[in-house]
Protein chains: 2
Amino acid sequence: MNKTIYDVAREAGVSMATVSRVLNGTAVVKDETKAKVQAAIDKLGYRPNAVARGLASKRTKSIGVVLPDVSDLFHAEVLRGIEDIATMYQYHIILANSDAREDREIDLIGTMWEKQVDGLIFISERITPNIVKTFELAQLPVVLCATDDPEGRIPAVSIDNKLAGTDATNYFLHLGMDKIVFLGGPTTHPITMERLAGYERALAESGRELDTTLVLHAKDQHYEAGYKISNEFLDAGHTADAVVATSDELVLGYLNAVRDRGGKAPDDVLLLSFENTRLTTMIRPELTTIAQPTYDLGAVSMRLLTKLLRGESIEEYTVLLPHSILERTSTKR
Amino acid sequence: MNKTIYDVAREAGVSMATVSRVLNGTAVVKDETKAKVQAAIDKLGYRPNAVARGLASKRTKSIGVVLPDVSDLFHAEVLRGIEDIATMYQYHIILANSDAREDREIDLIGTMWEKQVDGLIFISERITPNIVKTFELAQLPVVLCATDDPEGRIPAVSIDNKLAGTDATNYFLHLGMDKIVFLGGPTTHPITMERLAGYERALAESGRELDTTLVLHAKDQHYEAGYKISNEFLDAGHTADAVVATSDELVLGYLNAVRDRGGKAPDDVLLLSFENTRLTTMIRPELTTIAQPTYDLGAVSMRLLTKLLRGESIEEYTVLLPHSILERTSTKR
DNA sequence: ATGAAAGCGCTAACAC
DNA sequence: GTGTTAGCGCTTTCAT
């Protein structure tokens with residue numbers, strides 16, 4: 001496979017410029033010579049070297065994806081959406097895990113620049129001023145994905161988290177639930193705070209007081225953290241009629257804490273979560289969720305990025321994907 | 001950030017070769033000049049262009065990872081292992097999903113060559129002669145990961161699937177179980193067949209007949225397929241004392257089929273699966289599994305690849321990672 | 001419609 | 001210990 005464009009040119013009896021033209025369709029080539037070139041390519045089994053091409057053209061056809069952790073189901077599904085659209089547009093993915101650490105994130109933006117990616121899709125828990133500064137320094141087209149944009153200055157694809165928080169809470173309110181727990185990530189997690197704001201709004205609109213003992217902030221969005229804080233909540237003698245949790249794993253933590261005490265869902269508590277990963281239907285009871293279009297979050301981000309790369313004008317900087325409530329057995333009595 | 005090495009050289013009053021040397025530590029440079037160069041780099045905010053570097057050195061410091069589907073939890077965890085070790089050795093990951101389709105896999109090996117990756121980690125359900133041929137054509141260092149090697153000619157990191165199948169079955173046999181279901185992927189899936197061979201061996205060694213109605217082949221390794229075939233099995237009036245399933249999702253399918261009929265685990269049936277993804281502890285009952293070192297499968301593969309890349313001699317082509325049985329509540333009465 | 005030639009930004013001999 | 005000089009394999013003017 002290690003032939004060069006020059007070998008093909010000689011084999012076909014044309015110049016390398018012509019070979020380049022048929023390869024890229026960058027100019028009109030007579031059908032006859034095109035055929036000759038194609039024949040030479042096939043004969044030699046020639047494959048263009050993307051690195052050389054990248055250096056010469058200054059476009060690498062690869063895009064960077066920075067996310068906290070691929071082994072998190074939500075991210076993995078988003079990534080799959082990114083990948084599929086990238087493939088469709090002939091882009092490749094350079095993947096990097098940040099563990100949601102700002103220093104790693106900033107570092108990775110730099111290495112993505114070094115790799116000369118054409119653009120970047122960035123999934124993070126928290127966009128800080130330092131990160132924004134690094135984006136500007138790197139002069140990379142960036143799309144934020146499933147990530148709250150601080151000042152709305154960076155193109156982003158997300159859902160309306162505050163509204164979703166309100167919808168989730170109202171859903172339980174309409175069901176006549178009284179003690180509704182909000183179970184989210186830490187207070188430093190903007191998405192959690194958005195959803196919490198929605199929760200508070202729904203309570204206020206229904207004329208209720210906010211009971212802060214019902215607001216639970218887990219260490220992070222994962223199962224273990226949810227399980228831990230739920231146990232603490234229940235051990236303290238508290239109970240709840242319903243739980244709104246910001247991730248599928250968190251709500252599973254609550255569910256199992258209840259189960260470990262001999263309780264059941266939906267009999268003893270109604271459960272609702274926010275991600276709609278495949279987890280929701282793999283467990284019993286199946287989970288009612290705010291259906292975030294996980295895959296689409298990635299797919300739309302990538303599509304937006306291709307527009308940016310083609311220099312198309314973007315009407316809206318922040319794309320809010322619609323969410324909906326998917327009722328499953330975890331909220332049916 | 002778009003300075004070149006030449007700018008740095010001029011700023012520091014040295015040649016670009018010297019800058020390259022301090023950048024790569026490829027030759028001894030006087031401390032004094034080294035400091036000058038470093039100062040220039042810092043002042044200009046210079047970052048080396050990895051593409052140019054790749055073209056000149058013929059090493060890109062990136063490795064390709066081809067796997068069926070990132071959004072599969074098992075693959076995502078393996079990928080995380082790969083990524084961590086890759087980062088440690090300063091490699092980057094170019095990721096591609098194959099959907100386990102041979103044509104895509106072959107195609108992707110080609111595009112990975114075009115991208116000039118230094119090496120390839122390949123996760124597949126099935127290594128065909130065509131794939132092996134493409135590996136040879138591409139002349140890429142390849143490590144198979146969690147993938148059955150047909151002729152043992154390609155470096156691979158895996159577990160001893162047959163032995164694991166035997167261990168799993170014996171575990172139930174020792175527990176006095178009688179009707180043990182084997183629930184796996186399709187018969188075209190080599191890993192399923194290896195584990196099935198282990199299952200059959202264990203039965204034979206205990207002097208039992210193989211009851212083929214207890215051998216279930218789902219369409220694939222996913223939850224939905226497991227749920228479907230389990231329902232068919234139960235609808236046909238069959239029952240089982242215990243289930244050995246080749247993936248965590250498959251066994252969840254069986255569990256939920258039983259539950260939908262009012263049954264319970266471990267009360268009515270004991271369950272054991274094979275992957276030990278995070279799923280196993282997120283559900284109730286927690287699943288007893290053959291603990292495949294998921295993360296390590298990726299990590300060790302990547303480590304093996306770095307050895308290959310450094311031209312180190314490899315003692316053993318096939319690395320078999322140890323497995324063990326992790327007893328959890330799904331097999332405790 | 002095609003060819004010649006100049007880079008892209010770096011590494012790696014080869015000199016000194 | 002440091003500088004000079006070819007390339008790496010391609011794209012892209014600029015001619016023709």
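Residue numbers begin at 1 in each chain, while the letters A, B, ... track the order of the sequences.
Remark: P of dG3(D) and CZ of Arg10(B) are 15 Å apart, rounded to the nearest angstrom. Between the CD1 atom of Ile5(A) and the P atom of dA5(C) there is a distance of 17 Å, given to the nearest Å. Rounded to a whole Å, the CZ atom of Arg59(B) is 21 Å from the P atom of dG9(C). Rounded to a whole Å, the NZ atom of Lys36(A) is 15 Å from the P atom of dA1(C). Lys61(B) has its NZ atom 17 Å from the P atom of dC10(C), to the nearest Å. Taking atom CG of Leu23(A) as the reference point, atom P of dC10(D) lies 8 Å away to the nearest angstrom. Residue Arg21(A) contributes atom CZ, which lies 10 Å from atom C1' of dT11(D) at whole-angstrom precision. Rounded to whole Å, the distance from CG on Leu44(A) to P on dG9(D) is 14 Å.
For Tyr6(B), no side-chain nitrogen or oxygen approaches OP1 or OP2 of dT4(D) to under 4.0 Å. The phosphate of dG9(C) has neither OP1 nor OP2 within less than 4.0 Å of any side-chain N or O from Arg53(B). Proximity of Lys58(B) to the phosphate of dG9(D): a side-chain N or O atom is located under 4.0 Å from OP1 or OP2. A close approach under 4.0 Å does not occur between any side-chain nitrogen or oxygen of Ser15(A) and OP1 or OP2 of dA4(C). OP1 or OP2 of dT11(C) has at least one side-chain nitrogen or oxygen of Ser20(B) nearer than 4.0 Å. Side-chain N/O atoms of Asn49(A) include none lying less than 4.0 angstrom from OP1 or OP2 on dC8(D).
Looking at residues two or more places apart in sequence or on another chain, you find no ring pair (Phe, Tyr, Trp, His ring centres under 6.0 Å) involving Phe74(A).
Taking the side chain of Ala56(B) as heavy atoms from C-beta on, and the options dC10(D), dG7(D), dG3(C), the nearest nucleotide is dG7(D). Side-chain proximity of Asn24(B) to dA1(C), dT11(C), dG3(C): nearest is dT11(C). Taking every side-chain heavy atom of Thr4(A) into account, dG9(D) is the closest of dG9(D), dG9(C), dG3(C). The side chain of Leu55(B) sits closest to dG9(D) out of dG9(D), dG1(D), dG3(D).
Using a 4.0 Å heavy-atom cutoff across all strands shown, Val51(B) reaches no nucleic acid atom at all. Contact annotation for Thr33(B): backbone-only contact, meaning every heavy-atom pair under 4.0 Å involves sugar-phosphate atoms and none involves a base.
In plain terms, the two heavy atoms of Asp148(B) and Ile127(B) that are nearest each other are O-CG1, 3.7 Å.
Comparing Ser57(B) and Ala27(B) by the nucleotide of DNA chain D whose heavy atom lies nearest to each, the residue mapping closer to the 5' end is Ala27(B). Nearest-nucleotide assignment on DNA chain C puts the 5′-proximal partner with Met16(A), out of Pro48(B) and Met16(A).
In terms of modelled atom types and a separation under 3.5 Å, the side chain of Asn24(B) and the main chain of Ser20(B) share a donor-acceptor contact. For the pair Asn97(B) (side chain) and Asp99(B) (backbone), a donor-acceptor distance under 3.5 Å is absent.
Ion pair Asp118(B)/Lys61(B) not flagged as a salt bridge, since none of the NZ, NE, NH1 or NH2 atoms sits closer than 4.0 Å to an Asp/Glu carboxylate oxygen.
Note on residues 297-320 of chain B: no pairs pass ring pair (Phe, Tyr, Trp, His ring centres under 6.0 Å), not counting sequence neighbours.
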